[in-house]
> 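Mind looking over this structure? Questions follow.
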Amino acid sequence: MSHHLPNTRIPAPCIVNAGVIVNKLDIRRLLTDLGRVHYIYTQDNKLLSEGDGDVMEVFVHSQRSTLVANNALYLNIYSFDYLELKHSPQQETYFDLIQEEMCLRLIPLSTPLQERCDRHFHVGAIEAMMEQVLSARWDAEIDDDCSDCF
């Protein structure tokens with residue numbers, strides 16, 4: 001005799017502005033859009049470090065560390081058990097990355113839209129610089145070719 005559970009589908013969680021996220025890929029998706037942040041590192045509710053920095057990389061790897069140094073953050077999702085998405089009294093979103101009694105709080109200093117605009121601006125500026133470099137190189141090559149004529 002075979003016992004089958006009814007074919008019921010449990011919907012995926014829907015978290016809006018507050019909640020606990022345990023899925024590593026969901027945590028990575030949330031943190032990937034972060035740019036400049038204020039971070040607060042506490043252990044047993046004691047402040048160990050605090051500062052501002054840029055999120056340089058968000059990754060999932062069992063053998064690599066989360067690193068915060070030189071105003072740069074390299075966040076390994078495997079360094080944490082879960083993420084708590086919260087709101088400050090001023091209604092600003094922040095992220096608490098929790099591992100036992102340790103908490104790395106990330107308070108965004110920019111929005112994902114601002115970060116995308118900044119990245120787009122940087123890409124546009126790089127493209128413009130490359131056009132100038134290539135144009136200058138072509139001009140130099142033309143000048144070299146013309147000097148051989150004399």
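Keep in mind it's a predicted model, so treat the numbers as computed, not measured.
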> So which heavy atom on H87 is nearest to which on Q91, and how close?
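What the structure gives for the nearest pair is CD2-O, 3.3 Å.
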> Between P108 and Y94, which heavy-atom pair has the shortest distance, and what is it?
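P108 and Y94 have their closest heavy atoms at CD-CA, 4.2 Å.
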> Ignoring hydrogens and angles, write down the donor-acceptor pairs under 3.5 Å from the side chains of residues 42-50, residues two or more places apart or on other chains.
residue	atom	partner	partner atom	Å
E50	OE2	H38	NE2	2.8

> Less than 4.5 Å apart, side chain to side chain, heavy atoms only: is that true for L97 and L31?
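Contact flag for L97/L31 side chains = yes.
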> Let me have the donor-acceptor pairs involving side chains of residues 64-71, under 3.5 Å, with sequence neighbours excluded, atom names and distances please.
residue	atom	partner	partner atom	Å
T66	OG1	N76	N	2.9
T66	OG1	N76	O	3.2
T66	OG1	S79	OG	2.9

> Rounded to the nearest 0.5 Å, what's the gap from OH on Y41 to CZ on R105? Could you check?
14.5 Å
> Any chance you could measure D54, atom CG, to Y74, atom OH, to the nearest 0.5 Å?
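With rounding to 0.5 Å, CG (D54) is 9.5 Å from OH (Y74).
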> List for me each residue that meets side-chain hydrogen bond (donor to acceptor under 3.5 Å, both in side chains) alongside R28, sequence neighbours excluded, and say none if there are none.
none
> Checking D26 now: which residues fulfil salt bridge (Lys or Arg N to Asp or Glu O under 4.0 Å) with it, not counting sequence neighbours?
R29
> State, to 0.1 Å, how close I98 and C103 come at their nearest heavy-atom pair, and which atoms those are.
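Answer, listing the atom of I98 first, then C103: CD1-SG, 3.7 Å.
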> Identify the heavy atoms of L104 and F80 that sit nearest to each other, and give their distance.
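Closest approach of L104 to F80, heavy atoms only: CD2-CZ, 4.0 Å.
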> Using the test salt bridge (Lys or Arg N to Asp or Glu O under 4.0 Å), find all partners of K24 that sit at least two apart in sequence or belong to another chain.
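So K24 forms no salt bridge (Lys or Arg N to Asp or Glu O under 4.0 Å) with any residue.
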> Can you name the closest pair of heavy atoms from V20 and I15 and give their distance?
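Residues V20 and I15, closest heavy atoms: O-CD1, 3.6 Å.
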> Which residues, ordered by chain and number, are linked to V16 in its hydrophobic cluster, where ILVMFWY side chains connect at heavy-atom gaps below 4.5 Å, directly or through other members?
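For V16, no cluster forms, as it stays isolated from other hydrophobic side chains.
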